Amino acid sequence: MAAPSQTTAATHQRVLLPAHQSATLAPSVLRLPVCANCNRARLSVSAAAAPAASTAAPSAPADGAVAGKPTVLVAEKLGAAGLDLLREFANVDCSYGLSPEELRAKIPLCDALIVRSGTKVGRDVFEASGGRLRVVGRAGVGIDNVDLAAATEHGCLVVNAPTANTIAAAEHGIALLTAMSRNIAQADASLKAGKWQRNKYVGVSLVGKTLAILGFGKVGSEVARRAKGLGMHVIAHDPYASADRARSIGVELVSMEEAMATADFISLHMPLTPATNKMLNDETFAKMKKGVRIINVARGGVIDEDALVRALDSGIVAQAALDVFTKEPPAPDNKLVLHENVTVTPHLGASTVEAQEGVAVEIAEAVIGALKGELAASAVNAPMVPAEVLSELAPYVVLAEKLGRLAVQLVAGGGGIKSVKVSYASARAPDDLDTRLLRAMITKGLIEPISSVFVNLVNADFTAKQRGVRITEERILLDGSPETPIDYIQVQIAHVESKFPSAICETGEITVEGRVKDGIPHLTKVGAFQVDVSLEGSLILCRQVDQPGMIGSVGSVLGEENVNVNFMSVGRIAPRKHAVMAIGVDEEPSKGTLTKIGEIPAIEEFVFLKI
Ligand SMILES: NC(=O)c1ccc[n+]([C@@H]2O[C@H](COP(=O)([O-])OP(=O)(O)OC[C@H]3O[C@@H](n4cnc5c(N)ncnc54)[C@H](O)[C@@H]3O)[C@@H](O)[C@H]2O)c1
Ligand SMILES: O=C(O)[C@H](O)COP(=O)(O)O
């Protein structure tokens, strides 16, 4: 018994077509999404899936490069262990300190780009790449220097190295905290200048003081642990952090207001986003305890730097210790850098030998995995689909793409597709079935045959929305065992005519439905007609008067032309009325063969579909 359940409106888009994407796209971008060797999930950004890199602008390998290997441009210094890993798999071009123009000139030759925080990877870079760039690896945490929207629009995966520099950043935060509170940098400079100023550099103690951590993520929580070890009272503000996790390390989560009002020290550890941009400003400084001390190893942009100068000058903020700046490097006359109550370092938070080796390996593995087509655990702009889930969904992924391909080929006329409904029939609870990947593959199947756009998991929703295609998803809850993830998938296109009118069901939509049988995707319904044909090779759909000899007539036309039939199935409404015959063929029949099929008297309509 079937009961319709939730309907989810997916948001979708029309793509800004990167110049490269010619009609020579690899025909099937995502084959089997699980690597036979390592059983790890594969994502369709692999070399085989690449949008015709060879047709993209210049692609000759650089000097010493091996043809056929992907090219990785490393634009900022990366640890040796990471470079070694990259060189085993790719041609590696280490070009540090490129100007924006030089980067744009090189990027059309590159499949992947690795940067730290010093390289801006803006829309111009993706546009200049001509579509060849498939992965941007950020060798570190913050991805505010990468234009994620542009990356997504160009189907380019962005991965980062989220864990390897956490401890280094936390240690640097503690180093700045202690150095600031004891005036280490100022006293060092004074002594080196020949002065002995013991009275000037009296510090403040940390024990018993309140430290407010803003951003209780990986770095923030490690700073908290260490500060507790120094005897500080630690509170934290983070709208998304778990109170249990905070409690487990003896930290109380508080409101922003409470953090402002009670902290003697404030340490910043949130990402730079539109919401955190200039989060500390005149208004927030005014709410702080007079004489507060600020530490920032997050991003310069989370502080309004002019407001901080004013707060320092007025004495609201006694001292600040900054590793990061809105503009890096800051201008030589930057007032904060020159302020006597400010301790500065040139973005050194991640700069330990250990962290840089770790980050290099972490990002090299992520980039190689992404180039191989594996789903990256640290993908920033693609949905995370755990490998186990992907492995289970593998045959349905193939089915989803093929149903999309079939459905779109059944559309007649140039009105365009506006509305697609996808129904997943399953005995699984809605929360237990992740359909993002299937939706992406249906989108790929729907869009690639009618455009030169390369669709992958990264840009599927964007591409559909850009093309004005609204895709809604529906779950049909079935009774039965939830062991099989999906019983059938149905794709319906509304408000269009069909070149095979029998594909339009009673409610007016082009309808195709499929199931996975023994691991093979099958087409099981066209319009109102039940059929059963495996989705391999190509497909001929015929509507005919149900009468003896039809299979033989069509079969012999195909046989005469040496077209091998791999599957045949007839679905009919009632005996001797109308029937739909679905014929799977290994070879593409010639036009003449198709004309001959059309001339068989009982055939009322037919269509040839490439799967
Ligand atoms: N200086 C350096 O060299 C260096 C090194 C590593 C990380 N970082 C920076 O440190 C920051 C934190 O890194 P991480 O690895 O801990 O990241 P993370 O994602 O683990 O933690 C960030 C935390 O900030 C929280 N957050 C988001 N918006 C917030 C808001 N409005 N108010 C309060 N909290 C908010 C999130 O919920 C999350 O818990 C990032 O900006 C990163 O770029 C700098
Ligand atoms: O976000 C980060 O990981 C840090 O800011 C480190 O940046 P870096 O790689 O430029 O040192």
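Both counts, for ligands and for their atoms, begin at 1 and track the order of listing. We count residues from 1, following the sequence as given. Reckoned from all heavy atoms, side chains included, excluding hydrogens, waters and symmetry mates. No experiment lies behind these values; they were computed from the predicted model shown.
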Could you list the atoms of ligand 1 found under 4.0 angstrom from a heavy atom of A169? 5 (C), 6 (C)
Contact atoms of ligand 1, heavy-atom distance to G142 under 4.0 Å: 43 (O)
Side chain, backbone, both or neither: the part of M270 lying under 4.0 Å from ligand 1 by heavy atom: both
Do V302 and L280 have side chains that approach each other closer than 4.5 Å (heavy atoms only, starting at C-beta)? no
A student comparing P271, G215, A170 should find that the heavy atom closest to atom 27 (C) of ligand 1 comes from P271
What residue and heavy atom of the protein are closest to atom 8 (N) of ligand 1, and at what distance? V297 O, 3.7 Å
Flag side-chain contact, heavy atom, 4.5 Å: H154 against S129: no
Please could you name the atoms of ligand 1 that H347 approaches to less than 4.0 Å, counting only its heavy atoms? 1 (N), 2 (C), 3 (O)
As an exercise, identify every atom of ligand 1 less than 4.0 angstrom from a heavy atom of Y240. 27 (C), 28 (N), 37 (O)
Tell me if a side-chain donor or acceptor on N381 pairs with a main-chain N or O of C156 at a distance below 3.5 Å. yes
Considering all heavy atoms, the nearest I303-F285 contact: CG2-CZ, 4.2 Å
With heavy-atom distances below 4.0 Å as the criterion, list the atoms of ligand 1 near F216. 39 (O)
Amino acids contacting ligand 2, non-hydrogen cut-off under 4.0 Å: R116, S117, R138, A139, G140, V141, G142, N165, R299, H347, A350
Does A275 have a heavy atom less than 4.0 Å from any atom of ligand 1? no
Are a donor atom and an acceptor atom from the side chains of N459 and T152 found within less than 3.5 Å of each other? no
I'd like to check D304 versus N277 (side-chain heavy atoms, cut-off strictly below 4.5 Å). Are they in contact? no
Qualifying residue, where the test is side-chain contact (heavy atoms from CB on, under 4.5 Å) with L312 and the options are E340, K335, H339: H339
All heavy atoms of R116 vs all of K77, minimum pair found to be CD-O, 3.5 Å
Considering non-hydrogen atoms of the protein only, which is the closest contact for atom 6 (C) of ligand 1, and what is the distance? N165 OD1, 3.3 Å
Looking at ligand 1, would M279 count as a contact under a 4.0 Å heavy-atom criterion? yes
Any idea which heavy atoms bring V219 and A170 closest together, and the distance? CG1-N, 3.8 Å
Nearest non-hydrogen protein atom, atom 17 (O) of ligand 1: K218 NZ, 3.9 Å
May I ask you to check whether N183 and Q319 show a side-chain donor-acceptor distance below 3.5 Å? yes
Any N/O of P239 closer than 3.5 Å to an N/O of ligand 1? no
Enumerate the atoms of ligand 1 whose separation from the nearest heavy atom of A298 is less than 4.0 angstrom. 9 (C), 10 (O), 44 (C)
Kindly state each residue pair satisfying salt bridge (charged side-chain N to carboxylate O under 4.0 Å, His left out) with at least one member in residues 220-229, sequence neighbours excluded. E222-R225, E222-R226
Distance-only polar pair, side chains of D93 and S95, donor-acceptor under 3.5 Å: yes
The one among N145, T273, D238 that brings a heavy atom closest to atom 39 (O) of ligand 1: D238
Side chains of V72 and L371: does their closest heavy-atom pair fall under 4.5 Å? yes
Which ligand 1 atoms are under 4.0 Å away from a heavy-atom of G217? 16 (O), 20 (O), 21 (O), 23 (C), 39 (O)
When you measure from atom 16 (O) of ligand 1 to each heavy atom in L214, N277, T163, V219, which option holds the nearest one? V219
Atoms of ligand 1, numbered as shown, that sit under 4.0 Å from any heavy atom of D323: 1 (N), 2 (C), 3 (O)
Atom 31 (N) of ligand 1 sits nearest the protein heavy atom T276 CG2, 3.5 Å
Quick check: do I235 and V254 have side-chain heavy atoms less than 4.5 Å from each other? yes
What is the nearest protein non-hydrogen atom to atom 12 (C) of ligand 1, stated with its residue, atom name and distance? H269 O, 3.2 Å
Before you tell me yes or no, could you show the steps for H269 and D238 under side chain to side chain donor-acceptor pair (under 3.5 Å), namely the whole-Å CA-CA distance, both residues' side-chain angles and the distance that decides it to 0.1 Å? CA-CA 10 Å; H269 300 289; D238 186 326; over 6 Å; no
For the side chain of E102 and the backbone of S99, is there at least one donor-acceptor N/O pair under 3.5 Å apart? yes
